[in-house]
Structures are given as structure tokens and as C-alpha cells.
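Take a look at the structure set out below.
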Amino acid sequence: MRKNFGKIVLTAIMSIALLCGCERNFSSNSHTNNHSSGYSSKESQSSSDESSKWDIPDFFSSSESSLPSGDSGNSAGTPVSTHGQLSVNGTNLVDKNGNPYQLRGMSTHGLTWFPDFVNEQAFLTLRDDWNTNVVRLAMYVDEWNNGQCYMNNKQGSRDILEKGVELCIKLDMYAIIDWHVLNPGDPLKYTNEAIEFFDSISKKYSDSPNVIYEICNEPNSGASWEGSIKPYAEKVIPVIRANDPDAVIIVGTPTWSQDIDRALSNPLSYNNIMYALHFYADTHRDDLRNRLKSCVNGGLPVFVSEFGCCDASGGGGNNFSETEKWLSLLDELNISYCNWALADKNETCCAILGSGGANGGWNDSQLSESGKWIRSWFKNH
């Protein structure tokens, strides 16, 4: 009788725990280092030899969460609960009340190369310690036939992408779904696949104010605005709009998202559209800043969905004085921005050292030079 009573008590305790919705954290997978950087079209790049499938982290871990103190879920005062559905008014991104609002955060590296960084602890650290409000989820479409990219493993790519989106929703952050067209350069090559993807993903997240769509990351290799990018956007945007009429959509611009003036002279005829500008501070300086100011003065809504503190290869030295000029200008103009990259690849642009781990809570000794600088910027500006 005593044993049976113990079983009854244990069952009751477990039932109460389940009803209370005890939090679980997401398990993280060990990452693979020294993958392709995703910058070769700008400078030089060697393709990756790795084409094997990878293990997507189990979405529901059985281990107990060790989150920092405080509520990790949606609550008053966190980004989306406070600012709600974003939209575009003139050149400004604005919140649900029509007030100018700036997104500032980190971009992942290629999701399927560094899946371990897509975890609750890391994103919570970005939100609460780094003072950011958005995560850009970079899903490479086709990286020189690498088996880890979307075209060679659609389900695996989507699984890790959706895990990232769900984490942002749980943590009340904004999420940018990035169709990362570095290769093949011309977004028209995979128009049908993009339509299929964005139709499905926008149906799934149509009721979520957290989600922003970036439909072509960095058109390059001669892809022009009039000949490739605008026709592509005019096919993809209506697909998203049919499912999610209010979502903000970011559209890439020619020459690795630098020729924003081409969009200014021939803009898209849809609401809530922003145009991507990317810069790497030690390569792109006054000329591109002057182009940005000219385009904003001309009425173009711009979103810096990717930038680095170093040169355009992702390597070399950091140039923090030029980075500060850029970010001070973006803050002045209320232009949103995401830093590349939340990863520990041995590369100047990556924020985390190899010894830092993927699970957040990073101190300065676990951050790269650029990681320490950008964390300090986010916290103090």
C-alpha cells in the first residue's frame, strides 16, 4: 500500500508539473567549423567539400532549462509586445502606434553550417545582455552545390530556420527570414523555388507580427535591378502578400546590395517594402554613405540587413572608426541594421571565439574583437 501511495503522489506531481508548462530548453548540436564564409562573390571564396547531411537539433529537449533569471517568454516590455506589427511610412520603419522604430541585432551565419547557435540561451543573451531586438536567420539557397544548403536539403534547412523563428516568437523578438541568395547571384534562377518557399512560410507565420521577409539577400554577378531583381520581386511579393498582407518585405539591390540608387529610380509599387543596403566598414566608406544619404533624402526606405566591421571578404582587420561613422549615421536616420555574424568561424567578422561556445552568456574573453565592439555598441547606444 505504501508503494502504491508513492506512485500516486509521484503521478500527481508530474501531472501538476505538466499543467504548469514547465519550460524546457532546446538542445544544441555541435557545429562544423571552417565552412565557406559566404563572401567569395565579393572577394574570394573556396567552396566547401562537405556535402553530408547534418543532424538538426531536437526541437524538444528533455533537459531542464538553465535560462538566466527572468521570464524568457512574451511579456510586457519586450520588443514585439511593446511595438507590435511593424510597417513602412515614408523612409521610416514604424511600430504599431506609427512611431519610428529601429531594429538592431545580429545575423546568423549560414544556418545549416552553424545550427548550434540557434538556441534559446544564445537568443536570450542577444535580447537581454546585448540589448538587441531582432535576429536575421540566413538560409543559404545554393552555395556552390554544397549539400547543406536549401537546394540540396530543403527540409533540413527549413527545420533549422523554423526553429529560429519559433525561438524569436517565444522570446518576443523580431525575426528576419533571409533567402540568402549569394550564389547563384541572379535571384531569377530559383524563382519557382522561392515562390514555393515563401508561399509556404508566409502561410505558416501569417498571424505573427514578429516575422519580416528578406526575399533576395545579395544579388550579384551582373544581376541588374530592371532585368532580374525587380521582375523577381514582382513575382515573389504577391505570393507573400496573399498570405500575409501586412508583413514588411526587404528586397536586395544590385552589386551585393549596394546599388540602392537603382531602386530609387525605379521602385516597386507595393506597400511596406524596404530596400537592402549592405556594407563592410573597411571597404565601403564615404562614397556608399553619401549614396545612402542621397537615397533616403529621395524617399527610399532602406534596411541594412547585413554589415561587418572589417573588409568585404569577412577577413582582414576591423575598422571601428569607419564602423562608428556608419552606425552613427544609421541611428541618426532611423535605419535598422544587423551585424554579420553570430558564429564562431575563425574569421574577423564572426562575433564568437571558438572557445566561446554557442549557448549564450558570453563574456568578453569569449568574444572576438568585433564581437566585443558590437556588443558594447548595442548596449551603450
Side-chain angles (χ1 to χ4, degrees), residues 73-107 126-128 130-137 165 168-178 198 201-203 205-215 233 236-253 257 260 263-264 267-277 292-307 326-339 377-378 381:
N74 294 353
S75 61
T78 47
V80 181
S81 291
T82 303
H83 296 279
Q85 177 66 57
L86 306 180
S87 59
V88 180
N89 183 7
T91 61
N92 281 309
L93 188 66
V94 300
D95 69 7
K96 64 182 180 181
N97 299 312
N99 298 318
Y101 185 57
Q102 188 184 31
L103 295 180
R104 307 197 311 172
M106 295 296 294
S107 174
L126 294 179
R127 190 192 75 179
D128 291 353
W130 293 38
N131 194 31
T132 69
N133 52 16
V134 63
V135 178
R136 179 184 187 238
L137 300 161
V165 175
C168 287
I169 291 171
K170 179 178 182 181
L171 297 176
D172 207 36
M173 301 175 76
Y174 292 93
I176 298 173
I177 293 176
D178 167 29
F198 281 110
I201 205 78
S202 62
K203 283 177 180 173
Y205 295 113
S206 61
D207 295 327
S208 173
N210 309 67
V211 175
I212 294 169
Y213 301 95
E214 184 173 6
I215 64 173
V236 174
I237 291 171
V239 172
I240 298 173
R241 285 282 179 262
N243 301 318
D244 195 345
D246 301 322
V248 172
I249 298 173
I250 303 169
V251 182
T253 55
S257 286
I260 52 175
L264 176 64
L268 291 155
S269 57
Y270 304 95
N271 294 327
N272 292 333
I273 301 298
M274 306 195 84
Y275 299 89
L277 172 69
L292 169 63
K293 288 185 280 188
S294 176
C295 286
V296 171
N297 289 336
L300 192 73
V302 175
F303 196 120
V304 176
S305 55
E306 181 180 319
F307 79 91
W326 269 109
L327 299 189
S328 296
L329 176 62
L330 300 183
D331 288 348
E332 176 188 337
L333 297 174
N334 187 45
I335 293 176
S336 299
Y337 50 85
C338 294
N339 178 249
W377 178 272
F378 286 139
H381 293 83

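Residue numbers count from 1 along this sequence. Here the structure is a predicted model, which means the values were calculated and not measured. All heavy atoms count here, side chains included; hydrogens, waters and symmetry mates do not.
- We find the CD1-CD1 distance between Ile212 and Ile176 to be 5.0 Å, quoted to the nearest 0.5 Å.
- The ring-ring contact (aromatic ring centres under 6.0 Å, His included) search around Tyr337 returns Phe307, not counting sequence neighbours.
- With sequence neighbours excluded, the residues forming a side-chain contact (heavy atoms from CB on, under 4.5 Å) with Thr91 are Val296, listed by chain and number.
- Between the side chain of His83 and the main chain of Pro79, no donor-acceptor pair closer than 3.5 Å is present.
- Using modelled atom types and a 3.5 Å distance limit, the side chains of Ser206 and Asn243 yield no donor-acceptor pair.
- A donor-acceptor pair under 3.5 Å is absent between the side-chain atoms of Asn210 and the main chain of Ala175, judged by distance alone.
- Side chain of Ser257 to main chain of Leu277: no donor-acceptor pair is present (N/O by atom type, distance under 3.5 Å, no hydrogens or angles).
- With hydrogens and angles ignored, the 3.5 Å screen pairs a side-chain donor or acceptor of Asp172 with a backbone N or O of Ser81.
- For the atom pair CG (Leu103) and CG (Leu93), the distance works out to 5.5 Å, reported to the nearest 0.5 Å.
- The salt bridge (Lys or Arg N to Asp or Glu O under 4.0 Å) pairs that include a residue from residues 241-252 number zero, where partners must be two or more places apart or lie in different chains.
- Residue pairs that meet the salt bridge (Lys or Arg N to Asp or Glu O under 4.0 Å) test with at least one member in residues 89-107, sequence neighbours left out, are Arg104-Asp331.
- For Asn97, the CG atom sits in a packed shell: over 12 heavy atoms of surrounding residues, nucleotides or ligands are nearer than 6.0 Å.
- At a threshold of 4.5 Å between non-hydrogen side-chain atoms, the residues Ile260 and Thr253 count as touching.
- Between the side chains of Glu214 and Ser305, a donor-acceptor pair is found at a separation under 3.5 Å.
- Within the 4.5 Å cutoff, the side chain of Met173 has no heavy atoms near those of the Thr78 side chain.
- Take Asn339 and apply the side-chain hydrogen bond (donor to acceptor under 3.5 Å, both in side chains) test, not counting sequence neighbours, and it matches no residue.
- The side-chain contact (heavy atoms from CB on, under 4.5 Å) search around Val211 returns Val165, Ile177, Tyr205, Ser208, Tyr213, not counting sequence neighbours.
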